[in-house]
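In this text the structure is predicted, and so the values were computed from the model without any measurement. By convention in this document, chain letters (A, B, ...) are assigned in the order of the sequence lines, proteins followed by strands, and residues within each chain are numbered from 1.
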Amino acid sequence: MLLEVRDLQVEFKTRDGVAKAVNGVNYSVEAGETLAVLGESGSGKSVTAQAVMGILDMPPGRIAGGEILFQGRDLLKLKEDERRKIRGSEMAMIFQDALSSLNPVLSVGEQLSEMFTVHRGMSRKDGKAKAVELMDRVRIPAAKERVGQYPHQFSGGMRQRIMIAMAMALEPSLIIADEPTTALDVTVQAQVMDLLAELQRELNMGLILITHDLGVVADVADKIAAMYAGRIVEQAPVHEIYKAPAHPYTKGLLESIPRLDQKGQELYAIKGLPPNLMHIPPGCAFNPRCPMAQDICRSEVPPLFDVAPDRQSACFFWKETLDG
Amino acid sequence: MAELDKKDEAVDATPNVTDIVKVDASTTTEVEAILDAPVDRGEPILQVRNLVKHFPLTSGILFRRQVGAVKAVDGVSFDLYQGETLGIVGESGCGKSTVARLLMTLERATAGEVFYKGQDITKLSGRALKAVRRNIQMVFQDPYTSLNPRMTVGDIIGEPFDIHPEVAPKGDRRRKVQELLDVVGLNPEYINRYPHQFSGGQRQRIGIARGLALNPEIIICDEPVSALDVSVQAQVINLMEKLQNEFNLSYVFIAHDLSIVRHISDRVGVMYLGKMAEIGTDEQIYEHPTHPYTQALLSAVPVPDPEAREHRERIILTGDVPSPANPPSGCRFRTRCWKAEDRCSTEVPLLAIPERFQGLDSPVAHESACHFAEEKDVVGAA
């Protein structure tokens, strides 16, 4: 197992109290596998990823419990300088907004070669040669001429390619991509997702794809973990979840998106709003919005039930949901 | 709700004319009389003809001179009928938002005409323009920045009444605002709250209530749901459809999400680099696209069905959209098109039903600006 997150809990201290952003999340990724973490804003999907990367702002954030096993080692027990060695060379992250993630006053070449001069102790000259090689690899045209240019001189799609180049520079075994194509147009999104999938295959990397786009997930993921209010509500191989969701939340999500290939009737809408993380409803966090909620859902927190091998649902009524 | 309901308009009051009726109205009262005239259902409520907007590029500090122009919108024509939704799709930089601003007369058109009930609104000013604007309202993309954080919801929704006091007399405003809140599904008691006390979806409802305040006939929606979470998007889309039926509104719905546009639109126009590439009914565009750009765009949209990923054909375009300051000659899409030939660089393809499809009684016979238009089912709907 490449990465295993066990019972992770993350809290944020705010002026109004403690916000429980992640409440006991379990997931795992193997080499060469793509895990899609699906969720709306505030579901805790990005915070989990930041905890794995070790880039959570602490304070106000605090890891309240759990383990993050990376190649068998618990990352939470490592010292900061040990983690820094892992970050970048063993695991890397691709962010949503490339323009604000790249340094505007350094050329892209300098930023790419920094990976090699800092982590691998290469000379600046060798680092620059490596940078050109990387830019070629992510298919940026005229890499040699463009290596000295600054981020603002690149288009959105090209900037995201540079982010990908930077993430895979040291050939890490795990890449976390946080909404990598949300800011891009569909035609460019298709290019970038293709590139990412190709590099993943080549290097046999594990990929955690964080997204809210059910279309992108269906295109690339092997398995899905759907999150709601800091918990995983359903975890399943990608084909099964689209065929027959086993949690009312994932079911509602799938029914609420309009389809390109069908002219639908009125859309199904999940009523209400995602909960405030300061006041998560007792019992199942989804119960106020759930059409199937019973008394037990309001008093007891549902554990993850095994629906099938490799498949879990955190719903007392997963059988009923599965059957329609 | 009686005030908000459109009066049942007599359908036969104006003869059905397909040609644009130009009206010479010199005084504002005449203009207002025209605006109050009922519209025939068969006649477009908005006719856009060769609309052009160029933003000048200047250089020099003291002596500014124009060195070029960003051709944001470069000859766009379409009709909008009463009660229908026209979707406009395209990638960022294609000019779709500039079209929205031109329809709202927030920008002055460089050339071209926008006829609203026979009156060219690009030439209007002063009171006549104000009267037109009452009937064309807008819902903006970002519900976080389009609402003034220091105004209460009541002030935000009631502000249009300050500008058009004839719609609601002063003493009646609070009641009208509460009615509007109720119409968009918010608690009327929230009238004294501030925008930050609402979630994104609720804020967009406030934006919609403000758009409805003056009983407009046309609402221009510029990416109204793209900032919202998936589960909230459906709520807002359903609300917009409900309001359209209730008040017989016409929508121009601008978005980059092709699935949502298909869901809500009766007709769809596809824009590329300031020009309309293809326009037709939703079935014509989505199931029988004939322009290569539309085909590429549709094939790039991920479909939420993992079974489809093996057998769906993807057209991956190479390169980026060229700069609108220096668009390619001839067909603007030719630099990324796999069908491009010499003819495409010299001859601008016109938006018309392609010759080979003319006279056919089939969904492929719709307007498409391509020399080599041919049908291709990329969505896999058939």
**Study point:** Within 6.0 Å of NZ in A:Lys223, more than 12 heavy atoms from elsewhere
**Key:**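 Above 12, so yes.
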Point to revise | More than 12 heavy atoms of other groups within 6.0 Å of A:Asp136 CG | key: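 For A:Asp136, atom CG is crowded (more than 12 foreign heavy atoms under 6.0 Å).
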How close do [X] and [Y] get, counting heavy atoms only, and between which atoms?
X: A:Ala269; Y: B:Asn238; value: CB-ND2, 4.0 Å
X: A:Asp185; Y: B:Ser92; value: OD2-OG, 2.6 Å
X: B:Ala300; Y: A:Thr187; value: CB-CA, 4.0 Å
X: A:Tyr242; Y: B:Pro306; value: CG-CD, 3.3 Å
X: B:Val303; Y: A:Ala218; value: O-CB, 3.5 Å

Does a side-chain heavy-atom distance below 4.5 Å link [X] with [Y]?
X: B:Ile237; Y: A:Pro258; value: no
X: A:Asp219; Y: B:Arg314; value: yes
X: A:Ile257; Y: B:Ser259; value: no
X: A:Ser256; Y: B:Gln235; value: no

Select one option (side chain, backbone, both, neither) describing which atoms of [X] are under 4.5 Å from chain A's heavy atoms.
X: B:Leu297; value: both
X: B:Ile315; value: neither
X: B:Gln202; value: side chain
X: B:Glu91; value: both
X: B:Ser226; value: neither

By a 4.5 Å heavy-atom criterion (distance strictly below it), what part of [X] contacts chain B: side chain, backbone, both, or neither?
X: A:Glu255; result: neither
X: A:Val238; result: both
X: A:Tyr249; result: neither

Just verifying a value: how many Å separate [X] [atom1] and [Y] [atom2], rounded to the nearest 0.5 Å?
X: A:Leu273; Y: B:Phe198; atom1: CG; atom2: CZ; value: 11.0 Å
X: A:Arg259; Y: B:Leu258; atom1: CZ; atom2: CG; value: 14.5 Å
X: B:Thr318; Y: A:Arg139; atom1: OG1; atom2: CZ; value: 11.0 Å
X: B:Asp305; Y: A:Leu214; atom1: CG; atom2: CG; value: 11.5 Å

**Study point:** Largest heavy-atom contact set with chain A, pairs under 4.5 Å, which of B:Val321, B:Asp282, B:Val301
**Key:**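 Counting heavy-atom pairs under 4.5 Å, the top option is B:Asp282.
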Review point. Yes or no on side chain to side chain contact (heavy atoms under 4.5 Å, CB included) for B:His256 and A:Val186, after CA distance, side-chain angles and deciding distance?
Key: CA-CA 8 Å; B:His256 67 273; A:Val186 277; 5.8 Å; no
**Study point:** Closest-packed option against chain B by number of heavy-atom pairs under 4.5 Å, given A:Gly157, A:Gly252, A:Ala221
**Key:**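 So the answer, after comparing A:Gly157, A:Gly252, A:Ala221, is A:Ala221.
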Practice item. Could you have a look at A:His212, A:Gln189, A:His239, A:Met158 and say which one has the most heavy-atom pairs with chain B under 4.5 angstrom? Key: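 Of the options given, most contacts go to A:His239.
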Review point. A:Gln191 side chain to B:Leu317 main-chain N or O, any donor-acceptor pair under 3.5 Å?
Key: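 A pair under 3.5 Å: yes.
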